[in-house]
Amino acid sequence: MSFNAVTSSFKVARRRKSPLAETLQIGALAGLAAIGFALIGAYVAMDKRHVVEDTLTLSQIAYALMAIAAGFVAGRDTQGRPSGSRIVLHGALTGLVAGLCVSALMLLMASVSLRSTLVAASPMLTKALSLGAPIGSLQALAQVPILGALLGMIGGVFAAMPSRYRRALTCGFAIVLIAGLFRDVFVSVLDNVPDFNGPEAEVFGSGGLNRVPALVLLVAGGIFALLRDRWNAGHNPARRARSSKAGLVLLLVGVLILPLVTNDFVAQVAMLVALYMLMGMGLNIELGLAGLVDLGFVAFFAVGAYTVALMCSSGPLALVDVSFWVALPVAVVLAAGAGMLFGLPVLRVRGDYLAMATLGLGEIIRVLVLSDALAPYLGGSQGIIEIDHPRIFGVSLQSPAALYYLALALAGVVAFISWRLQHARIGRAWLAMREDEDVAQALGIDPVASKLLAYTIGAAFAGAAGAVFAALVGSVYPHSFQLLVSINVLAILVIGGLGSLPGVLVGAIVLIGLPELLREFGEFRYLFYGIALVAMMHMRAEGLWPATTRTKENARA
Amino acid sequence: MLDALPKNLLPKSPARAPLLEVRGLKKAFGGMIAIQNVDLSIAEGSVHAIIGPNGAGKTTAFNCITAFVPPTAGTIFLGGARIDGLPAHVVARHGVARTYQNVRLFPNMTALENVLVGQHRRLHTTFWEAIIGSGRFRREEAEARERAREYLAFVGIAQRAGDLARNMPYGDQRRLEIARALVAGPRILMLDEPAAGMNPAEGRALVELIERIRAELGVTVVLIEHHMRVVMAVAERITVFNRGAVLTEGPPAEIQSDERVIEAYLGRRSGHVATPVVESEPHRPMEARIA
Ligand SMILES: Nc1ncnc2c1ncn2[C@@H]1O[C@H](COP(=O)(O)OP(=O)(O)O)[C@@H](O)[C@H]1O
Ligand SMILES: [Mg+2]
């Protein structure tokens, strides 16, 4: 798929204006963004969240980032690198303009009541924007532009400093932000560490990081980034490969011990992530390797789930009542069979048409389950309930952590199979088909047969995920099999990097795990999610953990 | 079979059985007839060149033979078996391999991986064996890698095994494309303008490579080429295409002195005695000279 084509259309050519006009314009844009942020209610909502206890809230960080980004852009655009004074000046100017916009909003809110049209323009907003100064005072109005100028200046300096230090600062800041934002997860981990409850040693306060630990993390993150840069210096591929491997090992260890050291809520989220990872691995074979755009992935997920539901439920609709371990292979085989049956006619069409055809399939399955004809067997919208939990050696897997390990183990098996196939004749044929179908065929690769195999294996993996889903949740309903599931899985692959197995893990964590952990921000998280995704596709279209590093390593081996 | 051929197509020098035989080939794109009435007979073990002005239909003939596009009419035999109407991957399995006028590698795969894909029809382990990692699978995989390196060395780019195809210099990409085609063990190799964009030294190296392909691997070579030094150096026979049809066919010496060939390249300009076909510089393709 030509995601590059899509994302490159965002790259608007910038016209050259006088530097001053451009700087003012950037400042005004940042100011408008800040006003918009406040007026949709995001500022107040995110102001409740402290990243650094009693010092910095999330919305203050968002505002600071806007000013820094504006200063960064203004600073970067001045071509003369050495003229540091100008970089600083222009950075400060953008920040000042952005800050003035916010002050203007405060003035406006003080003199006119906007609440009838803009619900978010409340006294609470005015109070939050005043940063503790008396509301409506000169101090309240003046401090925002001054802070803005300061931060814009920092942005300008940031643009001018060597990239090594820039990366170090970014890394340190990201670590503080992550630690503060996901305080609950880390607190639950720390709670499980013995001898860690002296109040002085507490890293986290009631809302976020405490000040000293935040500073320590900032510095530690910076030093880590600097050290990593030195380690990777000189574009030494073997070293790079080693550090990438080390990253993977760390990630895997984290994934393995996570539910043991946190609470049930985090384990539940982890379970969901593992489930999506399982599906991601399946779609990775279709889309990542063979280049098949499949939007009906959820159909095979449903086949797997309903198979287990019918075979393992103690409810009235059950056909048999057998162990999950018997039902799982049946579900996989049935899903694979469904994939093959549907793939035969559909895989002859190319590219975008395939997406359309598979999109239809996903909906057909859901509508079929809801239909009157099948309702007596599949329960219609009532679904099938009372599905037994899987048992291992007579122990029922019921806790989120146990179910997490079940899903994770299956994901591991699937990852192993994908990895093996990827490095075999068939996997290379898939990659070749993705790159250039005509040429691949001229080399003797049967396009329909190899696509069908990819599609069938993908469907089988989806069936496995569906089976686990039914066992995890204990019930299946048609509404669990919405188009959104297919799209989420697709997005996981794109975010993580098409064709990359670690990418699936990263994508599932970022796209499924983080939104669950950030529930407190309600619908706002989707807004910022969208912005983050667009920005990411713009800056890093190949995904967070792209597959090309694998290709290069593999060839050197 | 041979009796049925028109007289002028019968091989003149030592009678060798034709490996590839094309009869009455026609291809129309909508209303535009790209080629028609094309007869070709390629002797087994020979190097056969196809020349002709741009747009004469040479690539289209290649595309029809390799089933890249379906021919509108005509029959194609390879070693006595009829291959027209078969899908491209089946034609490939009959032993037809090719390169492309605009290099078409798998750009995001390494040189080694490109050649591994070329071995698709030589490898036989099933996907179950791949999953469990059976001994046979591992042996075959190791052999495939070894063979891939051999063929990269054969075309002279062994040191590029780990490079992504898209990062390779143009000349090496052309060589890689030849290696990818050869590694399948074809009976006939069809090269579409292999010397395009090469300097004289690279052109000479290409001539040497083609001779080795024929002599060491025993593969029959058909090449479309504009560089006359390359054509004259390697080809035993030359077929001249013009305006979608075969203009003439014969050994190099005959073609070189054929008035009609010169006319086809120059347009009808009477009194022109020079033979531009031979004099053209290798790095200046013939089409640049056509008015
Ligand atoms: N896929 C196609 N669709 C339409 N016209 C084509 C196509 N391929 C080739 N042609 C036309 O057929 C004619 C012969 O082209 P080609 O075989 O590429 O010539 P040559 O290789 O001899 O330079 C040209 O006029 C070209 O425009
Ligand atoms: Mg051509």
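All figures in this text were calculated on a predicted structure; none of them were measured in a lab. Note: hydrogens, waters and symmetry copies are ignored here, and every other heavy atom, side chains too, is used.
If you tally non-hydrogen atom pairs under 4.5 Å between each of B:T66, B:V91, B:I132, B:L116 and chain A, the highest count goes to B:L116. The most heavy-atom pairs under 4.5 Å with chain A, out of B:P87, B:P107, B:A67, come from B:P107. Per-residue heavy-atom pair counts under 4.5 Å with chain A were compared for B:L105, B:N114, B:V90, B:L123, and the maximum is reached by B:L123.
Atoms CD1 and OG1, on A:I426 and B:T125 in that order, are 10.5 Å from each other to the nearest 0.5 Å. Distance check, rounded to the nearest 0.5 Å: CD of B:E113 to NE2 of A:H423 gives 7.5 Å. Interatomic distance, CZ of B:R121 versus CG of A:L443, reported as 9.5 Å (0.5 Å rounding).
For A:R348, the CZ atom counts as loosely surrounded, since its 6.0 Å shell holds 12 or fewer non-hydrogen atoms of other residues, nucleotides or ligands.
Applying the ring-ring contact (aromatic ring centres under 6.0 Å, His included) test to residues at least two apart or on different chains, the pairs with a partner in residues 95-134 of chain B are B:F68-B:Y100.
Put simply, the side chain of B:R93 gets close to the backbone of A:G444: a donor and an acceptor are under 3.5 Å apart.
The two residues B:I131 and A:R420 have their closest heavy-atom pair at O-NH1, 2.9 Å.
Within the 4.5 angstrom heavy-atom criterion, atoms from both the backbone and the side chain of B:A130 approach chain A. For a residue to count as touching a neighbouring chain, one of its non-hydrogen atoms must lie under 4.5 Å from one of that chain's; by this rule A:I445 touches chain B with backbone and side chain alike.
Residues B:R104 and A:D438 are in side-chain contact: their nearest non-hydrogen atoms beyond the backbone lie under 4.5 Å apart. For the pair A:V439/B:R180, a side-chain contact is recorded, criterion being any heavy-atom separation below 4.5 Å from C-beta on.
The pair A:R428-B:E141 meets the salt-bridge criterion, with a side-chain N (NZ, NE, NH1 or NH2) lying under 4.0 Å from an Asp/Glu carboxylate O.
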